[in-house]
**Student:** 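One structure, as structure tokens, below. Some questions next.
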Amino acid sequence: MQSAGLHWPESLPWKTAWLAIYLAACAALFLNPLRELLRLSLTSDTYSPIIFIPLIAITLICMERKAILQKTGGTARFAAAFFSIGVLLYALTRQFGLSIPADGSLALAILGFLFLVWSGFSWVFGSRAFRAGLFPLLFLLLMVPLPASAIDRFIVWLQWGSAEVTSWIFHATGTPVIRNGLFFTLPSVSIEIAKECSGIRSATALLITCLAAGYLLLRLPWTRAVFLFATVPVLILKNGIRITTLTLLAIHVDPGFLDGRLHHQGGVVFFAVGLLMLLPVLWWLQRIERNRFCPQPPGHGRVEVSREVLPERIGN
């Protein structure tokens, strides 16, 4: 008798088809919240990275499909629990949606949708496959829009942090400056680090990128956590570099830099700067992991030659 685990490649297309039908039904049930989430992602810089979260999660699952799908089977307790929570959240948003703030109601609805997605995945492929694909599945939580109050506090933190870095760079470069909170007065220009200058869009994109990169390029939970936490000071530092770069260009080259293309569309450039700043941290963590999993044997790097294998010199 063949083991049941050997049959998963033959039934995989049917399982995938059932999951696709189930997910389509869930999407139809949550059509209005999903449509609102798409509109929010397309019209708001703060929530613009949300549209990429499902694509990244699907890509991660495809990259890890062998490890995930080879572990099909297990109990259905996860599926039943997730389905119950998803239905409960759907009922709450339908019953009390009007009395909940708009962002809170949307967050609850999207969270309910995700619980139903997890339920379908666990039901079709089993609890063992769900545990194997835990990171990509939980990565979908980034689709849940944070309340505006939480976003505002994060933006304020970015503003003041960027102001400190900006002030330090101005003094380090010998640029005359008078600071009053978030306002800076310099020769020929004055700037304010407003909410629009907080770099919230680039910051969220960098956090999401580093979260996925840590999962793919690192192996240990604590090294992944260190890499993610290392992005926090980089968010502030790269935005301070962006502000001072634009300001110094406006002073010494052209005042139009303060309202030009680099200001409005240069986020990708400074996003790349942030990634470059994190590369040494990633290299250091990968080196720690290599030393832990593949420690170098004593004498590694030295060439030891046995006397028996050396030919005798002619003339000795």
**Student:** Would you say Trp284 ends up clustered with Leu217 if hydrophobic residues are merged whenever their side chains have heavy atoms under 4.5 Å apart, either directly or through other cluster members?
**Tutor:** yes
**Student:** Restricting to non-hydrogen atoms, name the atom on Ser162 and the atom on Ile236 that form the minimum distance, rounded to 0.1 Å.
**Tutor:** N-CG2, 3.5 Å
**Student:** Residues two or more places apart in sequence or in another chain: which of them pass side chain to side chain contact (heavy atoms under 4.5 Å, CB included) with Thr59?
**Tutor:** Met63
**Student:** Under 6.0 Å from the CD1 atom of Ile178, do we count more than 12 heavy atoms belonging to anything else shown?
**Tutor:** no
**Student:** Where do Tyr47 and Leu37 land on the side chain to side chain contact (heavy atoms under 4.5 Å, CB included) test, with the steps shown first?
**Tutor:** CA-CA 9 Å; Tyr47 299 102; Leu37 185 68; over 6 Å; no
**Student:** Between Phe130 and Phe125, is the ring centre distance below 6.0 Å?
**Tutor:** no
**Student:** Donor-acceptor pair, Ser122 side chain versus Ser119 backbone, under 3.5 Å?
**Tutor:** no
**Student:** Any donor and acceptor pair, going by atom type alone, linking the side chain of Ser41 with main-chain N or O of Ile51 inside 3.5 Å?
**Tutor:** yes
**Student:** Indicate if Phe229 and Phe227 have the same hydrophobic cluster label, given that clusters are the connected sets of ILVMFWY residues with side-chain heavy-atom separations under 4.5 angstrom.
**Tutor:** no
**Student:** Looking at Pro49 and Ile208, what are the two nearest heavy atoms and their distance?
**Tutor:** CB-CD1, 3.6 Å
**Student:** I'd like to know if the side chain of Arg35 and the backbone of Asn32 have a donor-acceptor N/O pair within less than 3.5 Å.
**Tutor:** no
**Student:** Examine Trp283 and Val234 and state if one hydrophobic cluster contains both, with Ile, Leu, Val, Met, Phe, Trp and Tyr joined whenever side-chain heavy atoms are less than 4.5 Å apart.
**Tutor:** yes
**Student:** Are Ile58 and Leu116 connected in a single hydrophobic cluster, I mean Ile/Leu/Val/Met/Phe/Trp/Tyr linked by side-chain heavy atoms less than 4.5 Å apart?
**Tutor:** no
**Student:** For Leu182 and Ala163, which heavy atoms make the closest approach, and how far apart are they?
**Tutor:** CD2-CB, 3.8 Å
**Student:** Taking C-beta and beyond as the side chain, do Pro176 and Leu186 meet within less than 4.5 Å on heavy atoms?
**Tutor:** no
**Student:** Who passes salt bridge (charged side-chain N to carboxylate O under 4.0 Å, His left out) against Arg201, sequence neighbours left out?
**Tutor:** Asp45
**Student:** For the CZ atom of Phe121 and the CZ atom of Phe82, what is their distance to the nearest 0.5 Å?
**Tutor:** 11.5 Å
**Student:** Check ring pair (Phe, Tyr, Trp, His ring centres under 6.0 Å) between Tyr215 and all other residues, then give those that pass, not counting sequence neighbours.
**Tutor:** Phe135
**Student:** For Glu164, does its backbone N or O pair with a side-chain atom of Ser167 as donor and acceptor, under 3.5 Å?
**Tutor:** no
**Student:** Say whether, by atom type as modelled, one donor and one acceptor occur between the side chain of Thr93 and the main chain of Leu89 under 3.5 angstrom.
**Tutor:** yes
**Student:** In chain order, what residues pass the ring pair (Phe, Tyr, Trp, His ring centres under 6.0 Å) check against Trp157, with sequence neighbours excluded?
**Tutor:** Phe154
**Student:** Using 0.5 Å steps for rounding, measure from the CD1 atom of Ile241 to the CG atom of Leu246.
**Tutor:** 12.0 Å
**Student:** Could you walk me through whether Leu106 and Leu40 pass the side chain to side chain contact (heavy atoms under 4.5 Å, CB included) check?
**Tutor:** CA-CA 10 Å; Leu106 181 60; Leu40 189 65; 4.2 Å; yes
**Student:** Looking only at heavy atoms, what is the nearest atom pair of Leu285 and Thr223, with distance?
**Tutor:** CD1-O, 3.4 Å
**Student:** Using every non-hydrogen atom in the two residues, find where Ile110 and Pro33 come nearest and quote the distance to one decimal.
**Tutor:** CD1-O, 4.0 Å
**Student:** As an exercise, state the distance from CG of Leu31 to SG of Cys26, rounded to the nearest 0.5 Å.
**Tutor:** 12.5 Å
**Student:** Within the distance-only criterion (no hydrogens, no angle test), does the side chain of Asn291 pair as donor or acceptor with the backbone N or O of Arg287 below 3.5 angstrom?
**Tutor:** yes
**Student:** If the condition is side chain to side chain contact (heavy atoms under 4.5 Å, CB included), which residues does Ile61 pass it with, not counting sequence neighbours?
**Tutor:** Ile68, Pro136, Leu137
**Student:** Any link between Leu38 and Ile50 through a network of hydrophobic side chains (Ile, Leu, Val, Met, Phe, Trp, Tyr) touching at under 4.5 Å?
**Tutor:** yes
**Student:** Apply side chain to side chain contact (heavy atoms under 4.5 Å, CB included) to Ala194 and list each qualifying residue two or more places apart in sequence or on a separate chain.
**Tutor:** Glu192, Glu196
**Student:** Let me confirm one number: the CG-OG1 distance from Asn180 to Thr185, rounded to the nearest 0.5 Å.
**Tutor:** 8.0 Å
**Student:** Please report the interatomic distance CG(Leu29) to OH(Tyr90), rounded to the nearest 0.5 Å.
**Tutor:** 4.0 Å
**Student:** Heavy atoms, side chains only, cut-off 4.5 Å: are Leu60 and Leu216 in contact?
**Tutor:** yes
**Student:** Show your reasoning for whether side chain to side chain contact (heavy atoms under 4.5 Å, CB included) applies to Leu282 and Leu218.
**Tutor:** CA-CA 8 Å; Leu282 179 62; Leu218 297 170; 4.0 Å; yes
**Student:** Evaluate Asn239 against Leu158 for side chain to side chain contact (heavy atoms under 4.5 Å, CB included), listing each step before the verdict.
**Tutor:** CA-CA 8 Å; Asn239 199 48; Leu158 287 174; 5.6 Å; no
**Student:** With rounding to the nearest 0.5 angstrom, report the CG to CE distance, Leu279 to Met277.
**Tutor:** 11.0 Å
**Student:** Looking only at atom types and distance, does a side-chain atom of Glu289 sit under 3.5 Å from a main-chain N or O of Leu220, one as donor and one as acceptor?
**Tutor:** yes
**Student:** Checking the side chain of Glu64 only, and the main-chain atoms of Gly133 only, is there a donor and an acceptor separated by less than 3.5 Å?
**Tutor:** no
**Student:** For Gln159 and Ile193, work out which heavy atoms get closest and say how close.
**Tutor:** NE2-O, 2.9 Å
